[in-house]
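Only one structure is covered here, and it is reproduced in the block below.
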Amino acid sequence: MGLLNGTSLLFHALRGNNPFLKFARFTPAITVAAMSSSSRIPVSAAEPVKEESYRVVGGLKIIDRWFKVPLDYTHPEGELIRIFARSAVPNKNNDDGEAGGKLPICIYLQGGPGFECAPPKSHPLTDFFIGKGFQMLYIDQRGTGLSTPVDADTLIKYRTVKGQADYLKMMRADNIVRDCEAIRKQLLGRKEKEEERKWTVHGQSFGGFCAVTYLSFYPEGLKEVFTTGGMPPLVNNPDQVYERTYQKLAERNQVYYKKYPQDVQAVQQIIAYLDRNNVTLPSGGKLTKQRFLDLGLAFGGHGGIDNIHRIVQHAANDLELYDSLTLKLKQSIESQQSFDGNPIYALLHEACYCQGEASNWSASRTLPQSWTTSTPVLFTGEMIYPHMFSNYHELSKFRPVAEVLAKEKEWPPLYDVDQLKKNEVPVYTANFIDDMYVAWDLSMETVRTIKGARSYDTNVLHHNAVRVRTDGVMGELWRLRNGEVD
């Protein structure tokens with residue numbers, strides 16, 4: 001056990017002679033993010049559209065709200081979109097949430113990019129924060145869920161490829177944060193005391209990236225910030241990120257095959273079958289070798305390796321019995337791959353790192369040459385490749401605009417490093433040393449950049465720990481918040 005920024009650092013790493021790590025060739029981490037304040041654009045209060053409320057089991061009053069906000073905050077008189085936000089208000093006293101509605105708000109920013117929030121009762125943070133005296137606000141980030149969702153057919157129907165690209169460029173963290181500010185001003189802007197007009201933010205994964213964007217451009221709206229697996233790298237393109245995450249992905253492949261050595265041969269047989277046959281999935285997409293290996297995305301979370309083993313075992317069993325793949329197996333594979341229903345994830349995943357530079361299909365360019373010829377066969381992870389816009393049914397409709405976005409250079413700043421260096425908002429962050437999705441050493445550079453940030457770091461937890469180890473992760477962050485030290 002060591003110390004880092006006054007917090008616990010737990011070591012239980014997979015190290016030593018590791019043939020999988022022959023892929024690791026990355027450059028030293030350098031903080032090069034843009035330091036412009038040009039992304040601080042004035043934001044007015046969001047316009048309420050409608051509101052619905054109801055009670056759910058567990059002593060909660062739910063308030064569903066829809067707001068109108070500008071698509072482009074630099075042109076507030078232009079096109080408007082809707083943003084959906086759902087409040088979870090304590091109603092233990094059966095007072096229709098009157099007392100709970102006066103509690104401070106914690107807004108939850110979902111991981112992604114491109115994913116909506118689940119119902120409050122399905123997220124363990126609801127009980128945690130309510131137990132600490134908060135009400136919760138879950139926002140469907142623009143383009144997801146009930147917030148004017150991006151859909152291939154509707155987007156293509158009314159816009160040229162350039163128009164589609166211009167629209168999708170509005171779906172990044174900078175505008176997500178502006179939406180939050182607009183909603184904050186509507187909900188809290190008339191409070192008498194300045195502190196009551198601020199709220200707490202919790203960002204998981206990409207939601208943490210958004211939280212740091214919030215700190216950069218609108219810190220006056222923030223009381224405190226929590227992030228879990230979401231301290232962003234301050235880079236201008238994803239190359240440095242993928243150089244590191246490919247290494248972690250190789251390590252997780254090794255863990256997988258060590259746990260399930262029988263899968264070495266099973267995966268080889270499945271890949272050989274897919275090379276010989278054209279397999280169509282229930283959605284109409286193609287199950288190619290590359291798409292099957294995309295299942296490695298799950299390796300970075302608690303339980304992910306076991307889930308993929310069950311799919312491999314099922315596929316191997318199908319081939320042994322029938323020399324083909326059953327519908328149930330195909331459905332299981334599709335249930336692991338949500339790109340079609342959440343297309344922003346694939347379209348803007350690389351762009352969520354870009355500031356003034358193009359991504360140019362970074363994951364494809366930085367893929368180690370030995371990866372595709374390795375034995376055993378290596379799964380890929382949180383990377384987006386051109387093949388996805390052919391193999392996934394709905395994503396294939398976005399292929400022309402995906403090519404445009406990959407070449408786009410005019411991405412505005414997402415962070416203001418000068419502001420982060422003089423930050424005054426309390427920041428508490430949990431980071432995972434062996435995180436397969438977020439490069440830990442780059443996250444540490446960001447922690448050191450944000451004045452006053454306090455970090456809990458461990459390598460015995462994975463990226464989704466806030467869901468499956470909630471009390472452990474949040475307990476550590478709460479100790480940081482309370483100033484507890486040994």
Side-chain angles (χ1 to χ4, degrees), residues 14 18-20 23 111 115 205 229 242 245-275 277 279 281-283 285-321 324-342 345-346 349 363 367-368 371-372 374-385 387-388 391-392 432 434-438 461-465 467-469:
L14 177 65
N18 186 346
F20 287 71
F23 304 110
F115 285 87
S205 191
Y242 288 133
T245 54
Y246 273 124
Q247 178 192 12
K248 291 302 178 186
L249 177 58
E251 292 177 3
R252 292 302 286 170
N253 270 274
Q254 185 186 35
V255 171
Y256 168 64
Y257 285 121
K258 183 176 181 180
K259 185 171 186 178
Y260 297 110
Q262 67 271 33
D263 286 5
V264 171
Q265 182 177 0
V267 170
Q268 290 173 338
Q269 291 173 341
I270 294 164
I271 294 304
Y273 173 82
L274 294 175
D275 275 340
N277 296 273
V279 179
L281 293 167
S283 67
K286 306 170 187 175
L287 182 56
T288 61
K289 171 177 68 176
Q290 294 91 340
R291 179 163 181 172
F292 184 81
L293 295 176
D294 291 343
L295 289 168
L297 175 63
F299 283 178
H302 291 279
I305 281 176
D306 297 331
N307 288 340
I308 301 310
H309 164 68
R310 285 190 287 271
I311 290 176
V312 169
Q313 186 180 53
H314 192 160
N317 190 66
D318 284 354
L319 294 181
E320 185 177 342
L321 290 173
S324 64
L325 302 177
T326 60
L327 174 63
K328 184 65 175 178
L329 182 277
K330 296 175 185 177
Q331 290 175 328
S332 297
I333 291 173
E334 285 200 320
S335 72
Q336 293 285 322
Q337 299 175 327
S338 55
F339 301 116
D340 279 338
N342 297 89
Y345 182 89
H349 190 269
L367 178 70
W371 198 275
T372 55
S374 174
T375 301
V377 177
L378 296 182
F379 286 82
T380 51
E382 192 179 44
M383 290 88 182
I384 302 300
Y385 303 103
H387 79 78
M388 293 178 169
N391 294 333
Y392 292 78
F432 310 117
D434 289 323
D435 199 321
M436 199 183 84
Y437 308 117
V438 180
L461 295 174
H462 294 294
H463 190 74
N464 61 340
R467 276 192 172 276
V468 298
R469 306 284 192 273

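Just so it is clear, the model here is predicted, and its values are computed rather than measured.
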Worksheet item: With sequence neighbours left out, which residue pairs that include part of residues 263-272 fulfil the salt bridge (charged side-chain N to carboxylate O under 4.0 Å, His left out) condition?
Response: none
Worksheet item: Once you round to the nearest 0.5 Å, how far does CG of N307 lie from OG of S335?
Response: 8.5 Å
List, one per line, each side-chain donor-acceptor pair under 3.5 Å for residues 324-333, sequence neighbours excluded.
{"unit_1": "T326", "atom_1": "OG1", "unit_2": "D318", "atom_2": "OD2", "d": "2.7"}
{"unit_1": "T326", "atom_1": "OG1", "unit_2": "L329", "atom_2": "N", "d": "3.4"}
{"unit_1": "S332", "atom_1": "OG", "unit_2": "K328", "atom_2": "O", "d": "3.0"}

Discussion item. I need the full list of salt bridge (charged side-chain N to carboxylate O under 4.0 Å, His left out) pairs touching residues 290-305, with sequence neighbours left out, sorted by first then second residue.
Written reply: none
Practice prompt. Taking ring-ring contact (aromatic ring centres under 6.0 Å, His included) as the test, write out the residues that go with H302, two or more places apart.
Written response: H462
Worksheet item: Considering only heavy atoms from C-beta outward, does the side chain of F432 approach that of N464 to under 4.5 Å?
Response: no
Worksheet item: If you look at every heavy atom in R469 and L461, which pair is closest and at what distance?
Response: CG-CD2, 3.7 Å
Response to the item:
Here the gap from L297 atom CG to R252 atom CZ, rounded to the nearest 0.5 Å, amounts to 12.5 Å
Discussion item. I'd like to know if the side chain of N253 and the backbone of L249 have a donor-acceptor N/O pair within less than 3.5 Å.
Written reply: yes
Discussion item. Restricting to ring-ring contact (aromatic ring centres under 6.0 Å, His included), what partner residues turn up for Y437, sequence neighbours left out?
Written reply: H463
Fill in: Test item: V312 and Y260 side chains (from C-beta on) under 4.5 Å apart, heavy atoms
no
Practice prompt. Consider only side-chain N and O atoms of E334 and S283, and report whether a donor and an acceptor are under 3.5 Å apart.
Written response: yes
Worksheet item: What distance separates L274 CG from Q269 CD, expressed to the nearest 0.5 Å?
Response: 12.0 Å
Worksheet item: If every non-hydrogen atom of A316 is compared with every non-hydrogen atom of A266, which pair is closest and at what distance?
Response: CB-CB, 4.1 Å
Practice prompt. Side-chain contact test, heavy atoms from C-beta onward, threshold under 4.5 Å: evaluate it for M383 versus Y246 and give yes or no.
Written response: yes
Worksheet item: So, do T380 and Q290 sit near enough that their side-chain heavy atoms are less than 4.5 Å apart?
Response: no
Worksheet item: Roughly how far, to the nearest 0.5 Å, is NZ of K289 from CD1 of I271?
Response: 7.0 Å
Worksheet item: Do the side chains of V255 and F299 get nearer than 4.5 Å, heavy atoms only?
Response: no
Worksheet item: With side chains defined as the heavy atoms from C-beta onward, is the minimum distance between L367 and Y242 less than 4.5 Å?
Response: no
Worksheet item: To the nearest 0.5 Å, what is the distance between CD (Q254) and CD (E251)?
Response: 7.5 Å
Fill in: Min side-chain heavy-atom separation Q336-I308 under 4.5 Å
yes
Worksheet entry | Pairwise side-chain contact, F292 with N391, heavy-atom cut-off 4.5 Å (strictly under) | no
Practice prompt. Under the ring-ring contact (aromatic ring centres under 6.0 Å, His included) rule, collect the residues that match up with Y345, sequence neighbours excluded.
Written response: F115, F339, H349
Discussion item. Restricting to non-hydrogen atoms, name the atom on V264 and the atom on P376 that form the minimum distance, rounded to 0.1 Å.
Written reply: CG1-CB, 3.8 Å
